[in-house]
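Below is one structure; the comments refer to it alone.
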Amino acid sequence: MNFPQIQAFLDSPNPQLRMKAIAELHHHEPAAVVPLLKQRMNDGKFLVRSFVAMGLGYKRNNEAFEALISILNNETDHNVVAEASNSLAKFGAQALPHLIAAFEQNSNWLVRQSIFGALEDLDDPEVLLKLCRLGIQGEDLTVRMAALTQLRRLKETHKLSEALNLALASATDDNGLVRTSAARTLRHLGGPEAQAMLDKLQQDSDYRVVRAVLEGLL
């Protein structure tokens with residue numbers, strides 16, 4: 001498909017054609033693609049905006065980077081913000097301040113889960129610990145459990161002690177699912193303090209917690 005055809009599809013009232021045009025841009029260079037993608041950043045359909053955010057991650061240049069930051073700052077649909085977070089992470093370390101800000105400003109579970117996933121390719125224990133702490137302190141149960149799981153990635157880093165303390169504190173949480181996640185993380189992190197808490201959790205009133213502890217003994 002040539003550029004006049006792509007432009008015609010981008011201007012179409014049919015969202016399926018607009019998405020097809022964005023998919024076709026995959027075959028072209030960033031300098032030509034990014035300005036076209038930016039035309040649909042405020043599209044009325046969130047799926048089209050999600051395609052735009054995804055495309056900007058594959059056609060990386062300074063203009064695409066700035067466009068993704070704009071999406072993070074202005075987009076109202078959590079699906080699109082999550083997609084933009086994934087794309088922004090492809091830019092490496094320069095994306096970290098913006099991903100941190102997005103995590104701090106948006107407590108939606110999908111956005112925060114997406115940022116956790118995006119960080120898997122960015123090796124920065126300090127950032128990961130910070131976001132885990134924010135996630136654990138938040139109200140969303142899904143994010144709290146995900147944050148506890150993410151703490152396991154800090155085992156071989158200089159942030160192990162702090163990660164362990166967060167897991168130990170969560171092991172006494174009122175919510176049984178949080179204690180269950182904490183038990184699994186403590187098993188992974190290891191050490192005398194973790195083992196002492198696991199010994200206590202064997203007597204927990206929630207069978208899910210006890211099962212999580214006993215899994216490590218099989």
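Scored by the side chain to side chain donor-acceptor pair (under 3.5 Å) test, Ser114 finds Asn86 as partners (sequence neighbours excluded). Residues meeting the salt bridge (charged side-chain N to carboxylate O under 4.0 Å, His left out) test with Asp124, sequence neighbours left out: none. Listed by chain and residue number, Phe103 satisfy the ring pair (Phe, Tyr, Trp, His ring centres under 6.0 Å) test with Phe116 (two or more places apart in sequence, or in another chain). Not a single ring pair (Phe, Tyr, Trp, His ring centres under 6.0 Å) links His188 to another residue, sequence neighbours left out. Residues satisfying the salt bridge (charged side-chain N to carboxylate O under 4.0 Å, His left out) test with Lys159, not counting sequence neighbours, are Glu162. Partners of Glu63 according to the side chain to side chain donor-acceptor pair (under 3.5 Å) rule, which considers only residues two or more places apart in sequence or in another chain, are Lys38. Under the side chain to side chain donor-acceptor pair (under 3.5 Å) criterion, Asn74 pairs with Ser70, not counting sequence neighbours. Not counting sequence neighbours, the partners of Gln195 by the side chain to side chain donor-acceptor pair (under 3.5 Å) test are Asp199.
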Side chain to side chain contact (heavy atoms under 4.5 Å, CB included) assessment of Phe3 paired with Leu25:
CA-CA 9 Å; Phe3 277 109; Leu25 289 172; 4.2 Å; yes
Evaluate the criterion side chain to side chain contact (heavy atoms under 4.5 Å, CB included) for residue pair Leu154 and Leu128; output intermediate values, then yes/no.
CA-CA 8 Å; Leu154 297 170; Leu128 180 58; 3.9 Å; yes
Let's go through Arg179 and Thr172 carefully: what are the C-alpha distance in whole Å and the side-chain angles of both, what is the deciding distance for side chain to side chain contact (heavy atoms under 4.5 Å, CB included) to 0.1 Å, and is it a yes or a no?
CA-CA 6 Å; Arg179 297 197 306 278; Thr172 60; 5.9 Å; no
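Note that CD of Gln150 is 13.0 Å distant from CE of Met145, once rounded to the nearest 0.5 Å. Rounded to the nearest 0.5 angstrom, His78 NE2 and Asn108 CG are separated by 4.0 Å. In this structure, the separation between CG on Asn79 and OG on Ser50 is 6.0 Å, given to the nearest 0.5 Å. The line from CE of Met197 to CG of Leu164 is 9.5 Å long, rounded to the nearest 0.5 Å. The CG atom of Leu10 sits 12.0 Å away from atom CE of Met19, with the distance rounded to the nearest 0.5 Å. For the atom pair CZ of Arg133 and CG of Asn165, the computed distance is 9.0 Å after rounding to the nearest 0.5 Å.
Between Ile6 and Asn2 the shortest side-chain heavy-atom distance does not fall below 4.5 Å. Within the 4.5 Å cutoff, no side-chain heavy atoms of Leu99 are placed close to those of Leu131. At least one side-chain heavy atom of Phe65 sits less than 4.5 Å from a side-chain heavy atom of Gln94. Annotation: side chain of Leu129 is in contact with side chain of Leu166 (closest heavy-atom distance under 4.5 Å). Taking the side chain as every heavy atom from C-beta outward, Leu68 and Leu88 approach each other to under 4.5 Å. Using a 4.5 Å cut-off on side-chain heavy atoms (C-beta onward), Leu36 and Gln7 make contact. Here the side chains of Ile22 and Val48 are in contact, with some heavy-atom distance below 4.5 Å. Side-chain contact check for Leu119 versus Leu96: some heavy-atom pair is nearer than 4.5 Å.
Closest non-hydrogen pair, Ala171 versus Leu186, comes out as CB-CD1, 4.0 Å. The shortest non-hydrogen separation linking Ala118 to Ala89 is CB-CB, 3.5 Å. Residues Pro97 and Ala93 share a closest heavy-atom pair of CD-O, 3.8 Å. When all heavy atoms of Ala183 and Val213 are compared, the closest pair comes out as CB-CG2, 4.0 Å. Residues Leu17 and Ser12 share a closest heavy-atom pair of CD1-OG, 3.4 Å. Taking every heavy atom of both residues into account, Gly190 and Ala194 meet most closely at O-CB, 3.4 Å.
By the 6.0 Å contact criterion, OH on Tyr58 is open, its count of non-hydrogen atoms from other residues, nucleotides or ligands being 12 or less. By the neighbour-count criterion of 12 heavy atoms within 6.0 Å, atom CG of Asn42 is sparsely surrounded, having that number or fewer from other residues, nucleotides or ligands. Heavy atoms of other residues, nucleotides or ligands lying less than 6.0 angstrom from CG of Asn14 number more than 12.
Remark: side-chain polar atoms of Thr185 are not paired, donor with acceptor, to backbone N or O of Ala167 under 3.5 angstrom. Between the side chain of Arg40 and the backbone N or O of Leu37 there is no donor-acceptor pair closer than 3.5 Å. Remark: side-chain polar atoms of Ser181 are not paired, donor with acceptor, to backbone N or O of Val178 under 3.5 angstrom. When atom types are taken as modelled, the side chain of Ser87 and the backbone of Leu56 share no donor-acceptor pair closer than 3.5 angstrom.
Linking ILVMFWY side-chain heavy atoms closer than 4.5 Å, directly or via other members, places Leu141 and Leu148 in a single hydrophobic cluster. Side-chain heavy atoms closer than 4.5 Å link hydrophobic residues (I, L, V, M, F, W, Y) into clusters, and following such links, even through other members, never connects Met54 to Val111.
Within the structure, salt bridge (charged side-chain N to carboxylate O under 4.0 Å, His left out) contacts touching residues 72-95 (residues at least two apart or in different chains) are Arg49-Glu75. Listed by first then second residue, pairs satisfying salt bridge (charged side-chain N to carboxylate O under 4.0 Å, His left out) with a partner in residues 134-154 read Arg144-Asp173, not counting sequence neighbours. Identified under the side chain to side chain donor-acceptor pair (under 3.5 Å) test for residues 15-29, with sequence neighbours left out: Arg18-Asp43. For residues 95-107, the pairs satisfying side chain to side chain donor-acceptor pair (under 3.5 Å) are Glu104-Lys130, with sequence neighbours left out.
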